[in-house]
Undergrad: 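The structure's right below; bear with me while I get my questions together.
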Amino acid sequence: MKEIKIGLIGSGWMGKAHTNAFLNAQMLFGPEFGRPVFECVSDTQEDVVKAAAEKLGFNRWTTNWMDIINDPAIDLVDIATPNFLHYEMAKAALLAGKHVYCEKPLCFTPAESKELADLAKEKGVVNYVGTQNVNNPANAYVRDLVKEGKLGKIMRFIATYDQDALLDPESPITWRHINKFAGSGALGDLASHMIAVSQMILGDIDSVNAVSQIIIPERPKARGSSEMAKVENDDIMTFMAKYKNGCLGTIGTSRVATGRKNFFSYEIQGTEGSVYYSLERMGEVQVYFRSDDGRDGGFRTVLLNPEHEGYGVFEPQAGIAIAFTDMKILEVHKLLAAITQGAPYMCDFAFGHKIDCVIDAVLQSAESEQWTKVAD
Ligand SMILES: NC(=O)c1ccc[n+]([C@@H]2O[C@H](COP(=O)([O-])OP(=O)(O)OC[C@H]3O[C@@H](n4cnc5c(N)ncnc54)[C@H](O)[C@@H]3O)[C@@H](O)[C@H]2O)c1
């Protein structure tokens, strides 16, 4: 059994989610995909990283992420830090010849992510961008319905990714609100997932036309503080998209969407059928086929079941709820399979680069108020 020694950079929300996924992937998929070894974790503060190492089960810890890059024992660098650090950290890891798993959005500019994708190819290492919704069994099912022609010619994609996590104006400023740390607001944080899933199902976006708004222009520097800091990026972003396959799309996203908790939802309308899906009801896909019309017509619910790609590893029967963390397990399994068996995978840095190209075009369009072509 091949050991894969992991160096995790960033022990926050995603650092924990990744570690949980590695542990469970090993248990669910078996030793032939490698045995993750939690070798070293890095974070900025000693007390934080020490506690994280103990809780997550890492052998060692450091407050200098370059220790992980320079450590010959480490095979895989796992980057779960704020967006502005991805490029620098992933580049250093690739130059050191490590496999790299990096959270989304990959980079701030298409030029940076292209450089990383090219470098990864040159080094011949596995390069995986964290876009777990691509591995959601429900989205894979929808992809197959489209591919098999069950929905006919796809005419329209209508999508929303809304949360209200940042609705409270008293909630303090974070790295997510400041462009030099985040690159964009709800667009990169939330809509990047919808861009990934839609491009997985429908192919690439050709051009976009966007509008954006900041709803809460300043936030306290700390909870309860009267000192305020400026919010620099989109609370809301909405854009129209023309896909290369001729489909027309509208994608909206908000991080201040009152009442919406994790409303990743979309409808795809084709000439022969339609589907509707929402992550708030993760185990259910609504489908409509024209051929069912007449007395029994209308949307009906398909409950996820072991026939759907990835589901069966968790549950042997239909209709049992799977979760966000399970999508991460499926993602990490793809990553381990690529490292240990050379298995193909979709979400490489070239895929991350394509998402960055769409984000860049949307930002340009929101600024210029013009249709903007997505760079090839
Ligand atoms: N795939 C998803 O669904 C998903 C969900 C949430 C966040 N994310 C992405 O994951 C990344 C991290 O987000 P998060 O929510 O986990 O953030 P977080 O703030 O919870 O965690 C980030 C961690 O990185 C640490 N860090 C910052 N600078 C560092 C440095 N120089 N060296 C080492 N550690 C450093 C922070 O101290 C913190 O512990 C972001 O890019 C975000 O877009 C993805």
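Numbering of ligands and ligand atoms starts at 1, following listing order.
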Undergrad: Determine which pairs satisfy side chain to side chain donor-acceptor pair (under 3.5 Å) with at least one residue from residues 41-57, sequence neighbours left out, and list them in order.
TA: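 Matches after skipping sequence neighbours: Ser11-Asp43.
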Undergrad: Any donor-acceptor pair under 3.5 Å linking the side-chain atoms of Tyr311 with those of Asp326?
TA: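 The answer is no; no qualifying pair exists.
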Undergrad: Have Tyr87 and Glu115 got a donor and an acceptor in their side chains that come within less than 3.5 Å?
TA: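 A donor-acceptor contact under 3.5 Å links the two side chains.
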Undergrad: Report yes or no: does Thr253 contribute a side-chain atom to a donor-acceptor pair with the main-chain N or O of Tyr161 at less than 3.5 Å?
TA: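 Yes; at least one donor-acceptor contact below 3.5 Å.
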Undergrad: Sequence neighbours left out, cut at 3.5 Å: what donor-acceptor pairs do the side chains of residues 208-220 make with other protein atoms?
TA:
{"from": "Arg219", "atom 1": "NE", "to": "His177", "atom 2": "NE2", "distance (Å)": "3.2"}
{"from": "Arg219", "atom 1": "NH1", "to": "Asp168", "atom 2": "O", "distance (Å)": "2.9"}
{"from": "Arg219", "atom 1": "NH1", "to": "Ser171", "atom 2": "O", "distance (Å)": "2.9"}
{"from": "Arg219", "atom 1": "NH2", "to": "Leu166", "atom 2": "O", "distance (Å)": "2.4"}

Undergrad: At less than 4.0 angstrom from any atom of ligand 1, which residues have a non-hydrogen atom? List them by chain and residue number.
TA: Ile9, Gly10, Ser11, Gly12, Trp13, Met14, Ser42, Asp43, Thr44, Trp65, Ala80, Thr81, Pro82, Asn83, Leu85, His86, Met89, Glu103, Lys104, Pro105, Gly130, Gln132, Trp175, Arg176, Asp189, His193, Phe324, Lys328
Undergrad: Using distance only, find each side-chain donor-acceptor pair of residues 237-249 under 3.5 Å and give its atom names and separation, not counting sequence neighbours.
TA:
{"from": "Tyr243", "atom 1": "OH", "to": "Ser198", "atom 2": "OG", "distance (Å)": "2.6"}
{"from": "Lys244", "atom 1": "NZ", "to": "Asp376", "atom 2": "OD1", "distance (Å)": "2.8"}
{"from": "Asn245", "atom 1": "OD1", "to": "Cys247", "atom 2": "N", "distance (Å)": "2.8"}
{"from": "Asn245", "atom 1": "ND2", "to": "Leu202", "atom 2": "O", "distance (Å)": "3.2"}

